[in-house]
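Here is the structure we will look at, set down as structure tokens.
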Amino acid sequence: MQSEIDLLQGLNDKQLQAVTLPHISALILAGAGSGKTRVLTTRIAWLIQTSQTSPMGLMAVTFTNKAAKEMLTRLTSMLPINTRGMWAGTFHGLCNRMLRAHYREAGLPSTFQILDTADQLSAIKRVMKVMNVDDEKYPPKQAMGYINGCKEEGLRADAVDAYDGHSQKLREIYAAYDQQCNRDGVADFAELLLRCYELLQREPHIRAHYQQRFQYILVDEFQDTNRLQYLWLKLLGGAHNSIFAVGDDDQSIYAFRGARVGNMSDFQRDFKVENIVKLEENYRSHSNILDAANAIITNNTNRLGKNLWTSAGKGEPIRIYEAYNDTDESQFIVDEVNMLQNEGVPLSDIALLYRSNAQSRILEHSLFSANIPYRVYGGLRFFERAEVKHALAYIRLIANANDDTALLRIINFPPRGIGARGLEQLQEGARQNDCSLWQAATNKVGEGMLGSKGLEGFVGLIRHMIDQTYGITLGEVAEMVINLSGLMAHYQNDKEGEDRVENLQELVTAAVAFSKQDLGNHHNMEEDADLMTQFLNHASLEAGDHQADVGHEALQLMTVHAAKGLEFHSVFIGGVEEGLFPHEQAAYENGGLEEERRLMYVAVTRARQRLYLSYAQSRMLHGQVRYGIASRFIDEIPEDLTKRLNSKPAAKTYATGGQYTPAKSTQSSYPFKIGQGVRHGKFGEGVIVSYEGNASDLAVKVNFGSAGLKTLMLEYAKLEKI
DNA sequence: TTCCTACGATTTTTT
DNA sequence: ATCGTAGGAA
């Protein structure tokens with residue numbers, strides 16, 4: 001057993017202060033690269049080692065499975081404890097666990113399944129169809145956003161305000177959707193949190209149980225919590241427990257999905273936090289990089305206030321490159337990457353960051369031509385792939401035949417002659433008897449209805465599968481399902497189906513691995529759902545990681561969002577242009593620009609040694625040429641921290657691209673930046689949102705608020721800066 | 001039932 | 001440009 005001294009060794013004063021705080025609620029403002037995870041894990045280790053609590057007496061909450069895993073890994077390297085059974089995980093994972101343990105009180109079947117986003121959307125479409133809602137007027141995606149938004153605010157349909165016909169209809173859809181989920185015995189992601197919150201609120205003895213148990217609650221990335229998550233924490237934190245919240249308001253980049261930075265100040269107020277511990281010493285980057293990051297973020301208002309510093313030297317200047325178009329930009333990046341490689345920097349320690357995924361294509365193209373191995377993060381995760389979801393849907397039906405979402409996914413896949421009419425009859429039957437589609441199907445088959453051969457086959461198949469399941473392992477179940485369902489044969493016959501066949505095999509492997517890993521995991525009988533259900537949960541809650549992990553020897557390409565929490569020797573940020581970064585869409589949103597700036601702050605602070613910023617005078621976007629100017633964020637970096645790799649815009653001629661004429665001087669083409677406030681004779685005051693057209697025929701899109709969004713020819717509009 | 005075409009949208013993303 | 005979806009034709 002290591003001594004306390006060992007545990008605390010090497011911490012700086014602030015870190016030490018944070019780690020050894022007494023049993024009070026505290027807010028740790030942890031800047032980028034300030035050792036946040038270390039503080040969090042050391043705090044846990046210290047609490048346990050000094051016997052202030054046991055591994056069972058605390059709860060640690062994170063946003064991603066990756067963060068949870070890393071925390072536990074580090075913890076076991078500090079203390080020889082078994083972390084299995086510890087309440088450390090994501091909000092969703094922990095809520096799921098509570099709901100499983102108290103499924104009766106929560107009003108859920110013991111085998112309830114979790115809908116991922118795609119499942120949820122199809123469930124909503126289904127409800128809307130039953131309700132005969134015009135999906136032109138109410139796009140299902142929008143309805144989903146509405147429903148999730150409400151749930152994340154902690155509101156059920158009956159508690160939501162509806163002002164007009166439109167919102168009343170949405171509320172109706174919400175109510176009907178919840179009803180359908182209840183009947184199917186399924187819960188979407190937001191439902192896990194809301195139902196758990198309601199459970200704790202409604203059942204005093206359950207609430208008391210957990211409040212007594214979790215005397216210490218630790219929360220990571222607190223700035224990303226939404227309202228419901230905060231309410232949930234508040235409920236669990238109770239009156240006597242301590243919540244140790246770690247976060248960084250400057251790195252809040254998820255407001256668009258409901259994160260409320262305001263939770264940080266609410267927390268201070270509600271939990272009477274006296275001291276905020278600020279971790280400002282950065283162990284990652286040289287000071288030029290940090291100074292640039294500080295200079296950028298200073299332009300935001302309403303910050304809790306924090307300034308990163310380092311004892312490392314100034315380091316290299318920030319390199320800025322102005323490309324004349326996107327091809328030039330990616331070529332520049334390729335050249336520099338080659339140089340870095342020659343200098344001995346491993347490819348996996350170099351990252352190409354961009355604001356939007358669309359930017360990766362051209363980079364990939366250049367990298368491919370230059371034979372540089374790269375890895376792009378993002379896209380579909382393993383458990384989200386169609387073939388995997390199909391196989392899982394069969395398993396879901398075995399676990400809970402009332403799961404209509406699962407049934408609809410595979411009732412006719414692989415094709416077995418159940419077409420639209422047959423399905424409609426089935427749904428009608430289900431509606432009349434107010435039962436699940438499966439029950440309707442068995443009824444129909446039981447009655448010996450004619451003309452439903454396909455249906456008969458399907459019901460027989462599922463029943464057969466259920467029979468087969470008894471007494472075999474999870475891996476064997478997976479194997480049995482992909483074979484009996486015909487999925488495997490279907491993809492084997494498809495000449496494009498090679499990858500899919502592999503993924504199905506991989507699913508069997510995953511199932512086998514899961515049951516092995518799970519063998520040692522049966523401590524707690526009360527929350528011991530059967531293995532199949534656990535595996536399905538695992539598939540929904542951990543669809544696989546989007547974020548980079550142990551890099552193979554490949555260049556790392558990802559969005560800035562995906563780069564949060566990571567660091568690299570060298571970082572390229574591409575497309576640092578007005579309209580792209582900050583993104584033009586952000587100009588519409590309240591506080592959108594500040595979030596973009598925080599995003600830039602996150603991007604900049606990923607670099608240890610070297611940082612490149614590049615922008616292009618023109619770029620292909622949505623099949624059209626767009627002209628851009630350098631992002632305001634570049635202007636916000638003091639000149640003396642930067643080095644222009646090519647001379648400044650003015651009268652530059654481009655030797656590399658003789659066939660192109662450079663765009664006009666940015667000065668004359670773009671009198672206004674995106675986001676600039678303007679006044680118009682007729683429409684009043686507005687904000688420049690984007691540019692359209694080419695340099696000789698330039699139009700601006702201006703958001704005039706009440707007067708709406710207008711596209712104006714710059715030449716005639718007579719706009720005035722305000 | 002399957003395949004093709006036309007249309008629309010297209011910031012960021014975890015669970 | 002390009003991708004996914006929805007709806008119609010073979």
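Proteins get letters first, then strands, A, B, ... in listed order; numbering begins at 1 in each.
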Original post:
Any ion pair linking K151(A) and D178(A) (charged N to carboxylate O, less than 4.0 Å)?
Top reply: yes
Original post:
How would you label the contact of E589(A) with the nucleic acid (heavy atoms, under 4.0 Å): base, sugar-phosphate, or nothing?
Top reply: base
Original post:
DNA chain B: T117(A) or R355(A), which has the more 5' nearest nucleotide?
Top reply: R355(A)
Original post:
Rounded to whole angstroms, how far apart are CG on L566(A) and P on dT13(B)?
Top reply: 13 Å
Original post:
How many Å lie between CD on E152(A) and C1' on dT13(B), as a whole number?
Top reply: 12 Å
Original post:
What is the distance from CZ of R626(A) to C1' of dT10(B), rounded to the nearest Å?
Top reply: 11 Å
**OP:** Have a look at F91(A) and say if it touches a base, only the backbone sugar-phosphate, or nothing, with a 4.0 Å heavy-atom cut-off.
**Re:** nothing
Original post:
Which one, dT15(B), dT13(B), dT11(B), comes nearest to the side chain of T90(A)?
Top reply: dT15(B)
Original post:
With the threshold set at 4.0 Å, does a side-chain nitrogen-carboxylate oxygen contact exist between E542(A) and R381(A)?
Top reply: no
Subject >> Distance in angstrom units between M144(A) CE and dT15(B) P, rounded >> reply: 16 Å
**OP:** Using atom NZ of K69(A) as one end and atom C1' of dT14(B) as the other, report the distance to the nearest whole Å.
**Re:** 13 Å
Original post:
Would you say R381(A) reaches dT15(B)'s phosphate, i.e. side-chain N/O to OP1/OP2 under 4.0 Å?
Top reply: yes
**OP:** Answer with base, sugar-phosphate or nothing: what part of the nucleic acid does N148(A) contact at a heavy-atom distance below 4.0 Å?
**Re:** nothing
**OP:** Hey, which sits more toward the 5' end of DNA chain B by its nearest nucleotide, G417(A) or T559(A)?
**Re:** G417(A)
**OP:** Looking at every strand, decide which applies to L115(A) at a 4.0 Å heavy-atom threshold: base, sugar-phosphate, or nothing.
**Re:** nothing
**OP:** For Q585(A) and dT11(B), give me the distance from atom CD to atom P, rounded to whole Å.
**Re:** 5 Å
Subject >> F189(A), F222(A), F63(A) screened by ring-ring contact (aromatic ring centres under 6.0 Å, His included) with F91(A), the one that passes >> reply: F63(A)
**OP:** Apply the test ring-ring contact (aromatic ring centres under 6.0 Å, His included) to residues Y491(A) and H390(A): give CA-CA distance (whole Å), side-chain angles for both, the deciding distance (0.1 Å), then the verdict.
**Re:** CA-CA 12 Å; Y491(A) 288 122; H390(A) 281 132; 7.1 Å; no
**OP:** Using side chain to side chain donor-acceptor pair (under 3.5 Å) as the criterion, point out the one residue from R597(A), R598(A), R303(A) that pairs with D250(A).
**Re:** R303(A)
Subject >> N357(A) vs dT13(B): side-chain N/O to OP1/OP2 distance below 4.0 Å >> reply: yes
Original post:
Only one of V560(A), I297(A), I296(A), I253(A) forms a side-chain contact (heavy atoms from CB on, under 4.5 Å) with M600(A), so which one is it?
Top reply: I296(A)
Original post:
Does the side chain of S356(A) get closer than 4.0 angstrom to OP1 or OP2 of dT10(B) through an N or O atom?
Top reply: no
**OP:** Quickly work out the E136(A) CD to dG8(B) C1' distance and round it to whole Å.
**Re:** 11 Å
Subject >> H561(A) ring over dT12(B) six-membered base ring, under 5.5 Å and 30° >> reply: no
Original post:
Can you give one letter per nucleotide of nucleotides 1-10 of chain C, 5' to 3': B if a protein heavy atom sits under 4.0 Å from the base, S if only from the sugar-phosphate, - if neither?
Top reply: BSS--S----
**OP:** Considering just the side-chain nitrogens and oxygens of N65(A), establish if one lies under 4.0 Å of OP1 or OP2 belonging to dT14(B).
**Re:** no
**OP:** Using a 4.0 Å heavy-atom cut-off across all strands, classify F256(A) as base, sugar-phosphate, or nothing.
**Re:** base
Original post:
Given atom NZ of K141(A) and atom C1' of dT11(B), what is their separation to the nearest angstrom?
Top reply: 14 Å
Subject >> Result of checking H583(A), Q251(A), K564(A), R355(A) against L599(A) for side-chain contact (heavy atoms from CB on, under 4.5 Å) >> reply: R355(A)
Original post:
Under a 4.0 Å N-O cut-off, is there an ion pair linking D116(A) with K389(A)?
Top reply: yes
Subject >> Residue-phosphate contact under 4.0 Å: N226(A) side-chain N/O, dT15(B) OP1/OP2 >> reply: no
